[in-house]
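Below is one structure; the comments refer to it alone.
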Number of protein chains: 2
Amino acid sequence: MDRRQEILEAAAKSFSLFGYKATTMDQVAKIANVGKGTIYTFFANKEELFNAIVLQMVEEMRAASDAATVEGASFEQNAHARLMQMLKFRETHQLYAKLIDEGKELRTPAVIEVLAEIEDEIVSYIKTKIERAIDKGELKPCDSELVAFLLFKSYMALVVDWGKTHQDEELSEERIAGLLRSTIFTSLLA
Amino acid sequence: MDRRQEILEAAAKSFSLFGYKATTMDQVAKIANVGKGTIYTFFANKEELFNAIVLQMVEEMRAASDAATVEGASFEQNAHARLMQMLKFRETHQLYAKLIDEGKELRTPAVIEVLAEIEDEIVSYIKTKIERAIDKGELKPCDSELVAFLLFKSYMALVVDWGKTHQDEELSEERIAGLLRSTIFTSLLA
DNA sequence: AGATGACCAAAATTGTTTTTCGGTCAATAA
DNA sequence: TTATTGACCGAAAAACAATTTTGGTCATCT
């Protein structure tokens with residue numbers, strides 16, 4: 001068997017279960033059935049191992065988001081589906097949920113950093129989708145970077161933040177879709 | 001002189017300078033030139049004294065925001081001016097800046113709570129402005145609560161969050177105004 | 001009757017000891 | 001020769017103990 005793969009799987013399991021800080025290299029070595037030193041022949045240090053795992057997760061998210069896309073549907077429909085899909089990952093995906101919690105509670109720097117990178121990744125993913133829609137003539141030209149940022153932040157606010165100020169009553173997906181349709185999305189149409 | 005007023009001024013000074021946690025009741029008593037026990041004849045405890053000070057600040061903000069309003073200007077212009085005004089308070093107003101920092105770094109619960117209340121206050125202030133504009137026929141009917149929330153979060157994202165992911169290069173006010181004009185604001189017009 | 005500051009328990013801070021953990025590398029195995 | 005290992009190390013964290021600070025009270029004094 002591939003030792004590198006064994007290590008990746010063990011690390012993914014441990015980070016998902018215990019988070020970054022509470023995962024020890026001894027722990028990972030034991031789960032992977034390798035000596036601790038072996039890990040360091042594949043990964044320079046704990047943080048690089050962690051980054052590798054997170055990269056895997058980002059790919060999973062991208063795949064899930066692409067899967068939520070409907071060929072031939074409007075930009076609005078697809079953008080909505082993709083953003084909702086990615087935001088659901090925050091609660092659904094064990095590792096993601098764990099990292100969000102650890103970032104908030106423990107303030108682990110490596111985790112905070114990686115969470116910011118994930119969000120950047122999402123924004124630039126949205127940005128490419130906007131640019132493609134502009135090329136197709138579906139949207140009118142705009143500052144795609146800013147619009148992607150605004151869209152992401154808006155969804156975050158409605159999906160994640162709203163519940164915190166309104167006794168955890170989360171907004172229905174329909175209400176979110178309706179609000180954004182009548183504000184941001186229509187303005188973007190060509 | 002009014003002992004209650006002396007205490008309020010002393011507390012405002014101390015909270016602004018040192019934050020909530022690092023302000024002691026002995027400190028406030030000394031600055032106000034009263035015995036510590038006297039404070040407790042006017043305020044039930046430290047947190048109530050704190051709330052009284054924050055309430056003063058919220059009034060100041062509301063006044064500053066109203067002052068930024070131009071009679072006869074469009075909803076967009078006034079909403080923009082008011083929101084920018086309130087968001088500038090975050091850096092400008094010594095107490096507000098101190099509290100934001102303390103909430104983030106120290107995590108003082110009383111501070112976090114009060115910061116959330118301030119934001120709620122801002123959102124409901126925007127909400128009333130939206131409703132008034134709808135009544136005047138300037139805006140078409142909408143879910144004023146949600147729109148107010150979205151507007152506030154959008155401004156927060158552009159003014160406060162953008163710099164964090166883009167090496168602290170903050171967006172120009174003109175760029176912010178332009179983006180929101182071409183997305184949210186135009187959609188709201190009647 | 002209003003104001004005060006010495007006083008108290010609880011909480012925070014500081015100081016000390018013990019344990020844990022990331023990373024290395026000489027020894028070992030293949 | 002090359003890949004793997006786990007005992008070992010210093011630094012950092014956790015656990016624990018000792019000390020100080022602080023919000024709040026109340027008997028005393030204007």
Side-chain angles (χ1 to χ4, degrees), chain A residues 1-54 98-99 101-114, chain B residues 1-54 98-99 101-114:
Chain A
M1 0 194 166
D2 187 357
R3 296 181 102 63
R4 184 189 158 90
Q5 191 55 32
E6 302 256 40
I7 292 166
L8 279 172
E9 278 166 27
K13 193 175 299 183
S14 186
F15 285 133
S16 297
L17 235 35
F18 310 115
Y20 177 76
K21 197 179 177 202
T23 288
T24 71
M25 296 302 266
D26 282 298
Q27 167 101 271
V28 173
K30 185 139 83 172
I31 297 177
N33 282 313
V34 298
K36 180 162 62 160
T38 307
I39 300 177
Y40 288 89
T41 68
F42 295 106
F43 304 94
N45 50 44
K46 186 182 180 182
E47 199 163 342
E48 274 213 11
L49 175 59
F50 180 55
N51 288 336
I53 300 300
V54 170
K98 196 84 196 170
L99 294 182
D101 185 63
E102 183 172 353
K104 191 166 313 193
E105 300 304 323
L106 284 290
R107 289 284 174 89
T108 319
V111 172
I112 292 175
E113 204 172 281
V114 116
Chain B
M1 346 197 169
D2 186 357
R3 298 181 98 66
R4 185 189 156 90
Q5 191 55 33
E6 302 256 39
I7 291 167
L8 279 173
E9 278 165 27
K13 192 176 299 182
S14 185
F15 285 133
S16 297
L17 235 36
F18 309 115
Y20 178 75
K21 197 181 175 200
T23 288
T24 70
M25 296 302 266
D26 282 298
Q27 168 99 271
V28 173
K30 187 141 81 173
I31 297 176
N33 284 312
V34 297
K36 182 161 62 158
T38 307
I39 300 178
Y40 289 88
T41 67
F42 295 105
F43 303 94
N45 51 41
K46 186 182 178 181
E47 198 161 344
E48 275 214 10
L49 175 59
F50 180 55
N51 288 338
I53 300 300
V54 170
K98 196 85 197 170
L99 294 182
D101 185 63
E102 183 172 354
K104 190 165 316 192
E105 301 304 324
L106 284 292
R107 290 284 177 88
T108 319
V111 171
I112 292 174
E113 202 172 283
V114 115

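As the structure is a computational prediction, the values presented were derived from the model and not from experiment. Chain letters run A, B, ... following the sequence lines, proteins first and then strands; every chain starts at 1.
- Here the closest heavy-atom approach between residue A/Lys104 and residue B/Arg107 is recorded as O-NH2, 2.7 Å.
- Checked by atom type and distance alone, the side chain of B/Ser14 never pairs as donor or acceptor with a backbone atom of B/Ala10 at under 3.5 Å.
- Atoms CZ (B/Arg4) and P (C/dA3) sit 13 Å apart, rounded to a whole Å.
- The CD atom of A/Glu6 sits 12 Å away from the P atom of D/dT4 (whole-angstrom rounding).
- With rounding to the nearest 0.5 Å, the separation of CD1 in B/Ile39 from CG in B/Asn45 is 11.5 Å.
- Taking every heavy atom of both residues into account, B/Leu49 and B/Val28 meet most closely at CD2-CG1, 4.4 Å.
- For the pair B/Leu99/B/Val54, a side-chain contact is recorded, criterion being any heavy-atom separation below 4.5 Å from C-beta on.
- Going from atom CZ of A/Phe18 over to atom P of C/dC21 covers 12 Å, rounded to whole Å.
- If you take CG of A/Leu49 and C1' of C/dC21, they are 15 Å apart, rounded to a whole angstrom.
- Between B/Tyr20 atom OH and D/dT22 atom C1' there is a gap of 12 Å when expressed in whole angstrom units.
- Contact record, A/Arg3 with A/Val34: NH2-CG1, 4.1 Å, taken as the closest heavy-atom pair.
- Residues from residues 24-37 of chain B that place a heavy atom under 4.0 Å from any atom of DNA chain C, listed by number: B/Val34, B/Gly35, B/Lys36, B/Gly37.
- Distances were taken from every side-chain heavy atom of B/Thr41 (C-beta onward) to each of C/dG23, D/dT4, C/dA3; the shortest belongs to C/dA3.
- B/Lys46 has its NZ atom 12 Å from the C1' atom of C/dA12, to the nearest Å.
- Among the nucleotides C/dT13, D/dG24, D/dT4, the one closest to the side chain of B/Lys21 is C/dT13.
- In this structure, the CD1 atom of B/Ile39 is 12 Å from the C1' atom of C/dT4, given to the nearest Å.
- The listed nucleotides are C/dA12, D/dG24, C/dG23; the one nearest the side chain of B/Tyr40 is D/dG24.
- The aromatic rings of A/Phe50 and A/Tyr20 sit tilted relative to each other, their planes meeting at an angle between 30° and 60°.
- Rounded to whole Å, atom P of C/dG23 lies 17 Å from atom CZ of A/Phe42.
- Side chain of A/Thr38, nearest nucleotide from C/dA3, D/dT5, D/dG23: D/dT5.
- Taking 4.0 angstrom as the limit, B/Arg3 places none of its side-chain polar atoms (N or O) nearer than this to OP1 or OP2 of C/dG2.
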